[in-house]
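Input: a single structure, listed below in structure tokens.
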Amino acid sequence: MKPVVLAGGTGSRLWPKSRAALPKQFLSLTSDNTMLQDTIVRLNGTKAQSPIFICNDAHRFLVAEQLRQKDIHHGGILLEPVGRNTAPAIALAALHATMNGEDPVLLVLAADHLIKDEPAFHAAIEKAEKLAEQGKLVTFGIVPDQPHTGYGYIKAGSGLADGFEVAEFVEKPALETAKGYVDSGDYYWNSGMFMFKASRYLEELEKYSPEMLDVCKRAIDTETPDLDFIRVDHDIFATCPDDSIDYAVMEKTDSAAMVPLDAQWSDVGSWTSLWETAEKDENGNVSVGDTILENTKNSYVNAEQRLVSVIGLEDVIVVETKDAVMVAHKDDAQSIKNVVNKLKAEK
Ligand code: GDD
Ligand code: MG
């Protein structure tokens, strides 16, 4: 099994720590390792081969340096000149993996997830690998605890030896729909990790998005190794349709399967989810760095450069960095995206 690590996201909901130059997957938010490093370190004990990484060209030295720090041997670092979302990124990795005539099972991983129960994760990978060997496109399903609209939803179909058929896959449904799914008890969240033979992904992409596959083939055909890096042709890849694997393939394929995953997974999508997964003090607070909290409850405070003091507040998020301070209500942490969009518009 060959891991493919998707490291090209922007992580804008974790601003002001996560920046265009240093997105969240390159930060140490949940342990001493960066999230990228933990993505590979947590596979220790599995039969994973050297992983393929795919990231934006601008982050190539960050990736190479973070892998070097942990002595991680890679099977190629693919560099996207522009982001075209996950469906083409995975296609490039699958094409790279099959270039020498091999057809490995790929374990597609996001570079910015937290999975606390590693033995449970490893057990799920073993089950998924069996299904992938049979030609399935395997997802990992999480039992939902709220109608989150930022996730894909998977309806479990008939049982298989190692999981379930997927009766329905719906990416990012509207809130009312998501509520119905959660209430029904029949749906799982899509964790955003996948397992399939490289050839099976390429076949399904050919079926549902032939233009995308064609662009990716041409963009990597001119593949030029540059030290550790494999560059994807700018002019060709710029013409690639922008789409995620969830919409482009998983909603459409008849070959999807799902293995339930109960491993304390979190996609660390926002400061609120970081607070939720972290160890709290007796007042429900999580504080990082030089902080003093008085009469403060259920809050997340992260001080990078200066002493930060919070008094008489509940449910707040305070993140201080060298050049920006962000204060938010814990229930509105998703709106940080809007601030980032405003900042982009001002540039
Ligand atoms: N190389 C590369 N290129 N990586 C990318 C790109 C890209 O253009 N865009 C995103 N990624 C990486 C991100 O860094 C992240 O690790 C992963 O791909 C998933 O992208 P997100 O943008 O975070 O996806 P999402 O959170 O909206 O939705 C996905 O994950 C959810 C679970 O966290 C979907 O798979 C949902 O169905 C799922 O529920
Ligand atoms: Mg995500």
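As the structure lists them, so they are numbered: ligands from 1, and atoms in each ligand from 1. Just so you know, these numbers come straight off a predicted model, no measurement behind them.
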_Taking side-chain contact (heavy atoms from CB on, under 4.5 Å) as the criterion, tell me which of Leu175, Val182, Thr177 meets it with Lys179._
Leu175
*asked:* If you apply the rule side-chain contact (heavy atoms from CB on, under 4.5 Å), what do you find for Leu313 with His329, and how did you get there?
replied: CA-CA 10 Å; Leu313 293 177; His329 193 282; over 6 Å; no
Hey, what polar pairs (N/O, under 3.5 Å) does ligand 1 make with protein?
residue, atom, partner, partner atom, Å
ligand 1, 1 (N), Ile54, O, 3.0
ligand 1, 1 (N), Glu80, OE1, 2.7
ligand 1, 3 (N), Glu80, OE1, 2.9
ligand 1, 3 (N), Glu80, OE2, 3.2
ligand 1, 4 (N), Gly8, N, 3.0
ligand 1, 8 (O), Asn85, N, 2.9
ligand 1, 14 (O), Gly9, N, 2.8
ligand 1, 16 (O), Leu6, O, 3.1
ligand 1, 16 (O), Ala111, N, 3.2
ligand 1, 16 (O), Asp112, OD1, 3.3
ligand 1, 27 (O), Lys172, NZ, 2.7
ligand 1, 28 (O), Lys172, NZ, 3.2
ligand 1, 33 (O), Asp267, OD2, 2.9
ligand 1, 35 (O), Asn190, ND2, 3.2
ligand 1, 35 (O), Asp246, OD1, 2.7
ligand 1, 35 (O), Asp246, OD2, 3.2
ligand 1, 37 (O), Gly152, N, 3.1
ligand 1, 37 (O), Glu171, OE1, 2.6
ligand 1, 37 (O), Glu171, OE2, 3.4
ligand 1, 37 (O), Asn190, ND2, 2.8
ligand 1, 37 (O), Asp246, OD1, 3.4
ligand 1, 39 (O), Gly152, N, 2.9
ligand 1, 39 (O), Asn190, O, 2.6

*asked:* Does the Lys NZ or Arg CZ of Lys330 fall within the cation-pi geometry relative to Trp275 - under 6.0 Å from the ring centre and within 45° of the axis?
replied: yes
*Answer yes if the ring centres of Trp265 and Tyr151 are under 6.0 angstrom apart, and no otherwise.*
yes
*Check the angle between the aromatic planes of His148 and Trp189 and answer parallel, tilted or perpendicular using the 30° and 60° thresholds.*
perpendicular
*Roughly how far apart are Phe53 CZ and Leu109 CG, rounded to 0.5 Å?*
9.5 Å
